[in-house]
Trainee: 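Structure in structure tokens, see below.
Order of appearance sets the numbers: ligands from 1, and atoms from 1 within every ligand. Residue indices begin at 1 and follow the sequence shown.
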Amino acid sequence: MELSKLIGENGIKLLQELNNPYVMEIIEKYVEFCKPEKVTVLDDSKKSLEYVRKLALENGEEKALKTKDHTIHFDNYYDQARDRAHTWILLPKGKTISKHIETIDYDEGMKEATEIMDGIMKGKEMLIAFYCLGPNNSKFSILAFQITDSATVIHQQNLLYRNGYEEFKHLNGSKSFFHVIHSAGELNEDMTTKNIDKRRVYIDLNEERVISLNNQYGGSSIGLKKLSLRLSISKANKEDWLCEHMFITGVHPKGKDRVTYFTGAFPSWCGKTSTAMIECQTIVGDDIAFLRRDENGQCVAANVEQGIFGVIKDVCPEDDLVLYKALTAPKEIVFNNVLVVDGGIYWLGMGKEFPKKGFNHSGEWYEGKKDKEGKIIDVSHKNARFTLRINELDNADEKADDPKGVPVGGIIYGGRDSDISVPVLQSLSWAHGVFIGASLESESTVATVGDEGAMEHNPMANMDFLVVPLGVYIKNHIKFGDDLSNPPLIFATNYFLKEKGKFLNAKNDKKVWVLWMEGRVHNGYEAIETPVGCIPKYHDLKNLFKEALNKEYTEEDYIKQFSIRITKLLKKLDRIEQIYKGGEGIPETFHKHLEQQKHRLKDAMEKYGKDVVSPLEF
Ligand code: SPV
Ligand code: MN
């Protein structure tokens, strides 16, 4: 059916006022493919925001909870995370990007996408919403619009992103915008996606478009998030800036009248959100950052988003008071895949006793319930999430929406291992820091499948989203820093050192590491140079532990945590060398840093005549 018959007068008017033939063309095309019953165009008005909130409740994608403005949404039991295996970059026949990046022949992929899309929105309402990645009207801004048949996707997207309808008008008819087409597909009675076997994500870098079908999980359906991230990474690498899978926070050391901004990249389960939420900090963003050079050659960062789509597991009053309070107070929040009992909610690790039955991502739930594979179903999914606006948090940073971004003092790469890396170190230079980021590893925490301890390599925690060869990505990183007048310091953290199965650090120790890093940015502390980077001095940590946590930090603790474990570090380098050998344009500088680090470690082994060297010996 023709667009004009489905869209209503107001919708036509909103589209016409954009004065953009490309937007019009795209919408007409997908209306023809998807065959919705109705088309609704949304602008930046309160009315549009309210319309979508209400629609998600009316159509059953969300249900109201007991606390005011809290709602719950469920994804299909088998649709609880991004589907790496069915996500492809569309490329002309015979072309590839890298052995690490899944691609599909353009014609073949589009043929399949078109078949799946045919009539996929029958009987449904198509929503069209406009956004701005990065702060509005800034040099960071990238405009994007999404077509979807899911009201909860737009509702959550409205919490997570700045609206951009008005800004689209300023494009003056140009084609410089991203667009995402999404459909949850046919739904089950409980409003979850039915045809999970036809779940697909196709990424088209040329047209700056993503098509995402038969899914609801936020990481796959919220187009501005990880789908647009691929498009932004492609753009950044062409235009000489960085698009990173990083949080941005302001560190406020007590008694000092200053704030120092840090960005941080951590693979899943390496402490990203808890690092962003430490209580001496204010939050700018928790997931994706654009980094640029400003007119003075300074590195500035802006949050691509304005909200948080956060993991709720383990958010409890002891460890994350700010977040726990935010999640239990009345404000607009969409909870995904937690347990609901009488309008109240429960999640793993919240520090409360659980009811024996309720409703969760598996439907009616009772203690001991098993899935088709015979696996016990937990109270809530391990990847259950909440969606809220950052400005609803007590620790929102005052510059969170600043069009100039925030100046970056330091960058943190957070890995996870139980017996290799020290809790915190500073790189020897920008390029050495890039080498550290590109060597990021996280130890698997999946105990059940018997592979605990397996290391997953995840450069800059951005591997899932890379759409350019690793060599190009790393080269751009090095160049970006080289062109800065005063590059941020680069640090690495590891919160997960263990001895005899017990963690060597408490969860809140990361506050001390962060304060030390902040001090380093202002030349506040001396450091000890080791073969792998600069580490803190005992006395500085002892004082910081006392001041920040009122804890005694013994020299014995320090030696255990900050010893340089040479053989284990050399083994890590071997793993990294294996991954990076064999071309893909990995820059010489990277190989040079790898070789130098190896030599420094071997020299230390010889000099000190041992495998594990105490920090006091350097
Ligand atoms: C992540 O996995 O890094 C997330 C959640 O932030 S998702 O949106 O699924 O990517
Ligand atoms: Mn993420």
Trainee: Which pair of heavy atoms, one from P487 and one from W430, lies closest together, and at what distance?
Mentor: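 Residues P487 and W430, closest heavy atoms: CB-CE3, 3.8 Å.
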Trainee: When you check the gap from the basic side-chain N to the acidic O, do E305 and R162 get nearer than 4.0 Å?
Mentor: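 Salt bridge flag = no for R162 with E305.
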Trainee: Quick test of your reading of the model: are R209 and D204 salt-bridged, counting only N-O distances below 4.0 Å?
Mentor: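 Looking at D204 together with R209, the answer is yes, because their closest N to O distance falls below 4.0 Å.
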Trainee: Going by the atom numbers of ligand 1, which of them fall below 4.0 Å from some non-hydrogen atom of Y217?
Mentor: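 The list of qualifying atoms is 5 (C), 7 (S), 9 (O).
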Trainee: Tell me whether the count of non-hydrogen atoms from other residues, nucleotides or ligands lying under 6.0 Å of NZ in K139 goes above 12.
Mentor: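 Yes - once you tally the heavy atoms of other residues, nucleotides and ligands closer than 6.0 Å, there are more than 12.
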Trainee: For ligand 1, which atoms have a heavy atom of F309 less than 4.0 angstrom away?
Mentor: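 That gives atoms 8 (O) of ligand 1.
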Trainee: Would R416 pass as a cation-pi partner of F496, given that its NZ or CZ must be under 6.0 Å from the six-membered ring centre and within 45 degrees of the axis?
Mentor: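 Here R416 passes the 6.0 Å and 45° test against F496.
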Trainee: Is there a polar contact, in the sense of an N or O pair closer than 3.5 Å, between K225 and ligand 1?
Mentor: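 The answer is no, given that K225 and ligand 1 share no N or O pair closer than 3.5 Å.
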Trainee: For ligand 1, which atoms have a heavy atom of G219 less than 4.0 angstrom away?
Mentor: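 Counting atoms of ligand 1 from 1, those under 4.0 Å from G219 are 7 (S), 8 (O), 9 (O).
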Trainee: Heavy-atom contacts with D287 under 4.0 Å: which atoms of ligand 1 show up? List them by number with element.
Mentor: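 In order of numbering, the contacting atoms are 6 (O).
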Trainee: Heavy-atom contacts with H245 under 4.0 Å: which atoms of ligand 1 show up? List them by number with element.
Mentor: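 Every atom of ligand 1 under 4.0 Å from some heavy atom of H245: 3 (O).
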Trainee: Would you mind checking which non-hydrogen protein atom is closest to atom 2 (O) of ligand 1, with the distance to 0.1 Å?
Mentor: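 Of every protein heavy atom, R82 NH2, 2.9 Å lies nearest to atom 2 (O) of ligand 1.
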Trainee: Answer yes or no for K272: is there a heavy-atom contact with ligand 1 below 4.0 Å?
Mentor: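 In this structure, K272 fails to qualify as a contact of ligand 1 - no heavy atom is under 4.0 Å.
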Trainee: Under a 4.0 Å N-O cut-off, is there an ion pair linking D417 with K572?
Mentor: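 So D417 does not pair with K572 through a salt bridge.
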Trainee: With nothing but distance in play, are any N or O atoms of S268 less than 3.5 Å from an N or O of ligand 1?
Mentor: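 Between S268 and ligand 1 (N or O atoms, distance only) the closest approach is not under 3.5 Å.
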Trainee: Can you tell me, to 10 degrees, how wide the angle at the Mn ion (ligand 2) is between NE2 on H245 and NZ on K226?
Mentor: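 H245 NE2 and K226 NZ form an angle of 100° at the Mn ion (ligand 2).
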Trainee: Using a strict cut-off of less than 4.0 Å between a Lys/Arg side-chain nitrogen and an Asp/Glu carboxylate oxygen, indicate whether K272 and D286 qualify as a salt bridge.
Mentor: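 Salt bridge flag = no for D286 with K272.
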Trainee: With a cut-off of 4.0 Å, which atoms of ligand 1 are near a heavy atom of K226?
Mentor: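 Listed by number with element, the hits are 1 (C), 3 (O), 4 (C), 5 (C), 6 (O), 7 (S), 8 (O), 10 (O).
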Trainee: Between the side chains of R84 and E102, is the shortest nitrogen-to-carboxylate-oxygen separation below 4.0 Å, so that they form an ion pair?
Mentor: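 Answer for the salt bridge query: no.
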Trainee: Only one of T493, V251, L489 passes side chain to side chain contact (heavy atoms under 4.5 Å, CB included) with M517; say which it is.
Mentor: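 Going through T493, V251, L489 one by one, the side chain to side chain contact (heavy atoms under 4.5 Å, CB included) with M517 is satisfied by T493 alone.
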Trainee: Restricting to N, O or S atoms of D287, which is nearest to the Mn ion (ligand 2)?
Mentor: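 For D287, the N, O or S atom at the smallest distance from the Mn ion (ligand 2) is OD1.
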Trainee: Would I288 count as a contact for the Mn ion (ligand 2), in the sense that one of its N, O or S atoms lies under 2.8 Å from it?
Mentor: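 For I288, the answer is no, given that no N, O or S atom comes within less than 2.8 Å of the Mn ion (ligand 2).
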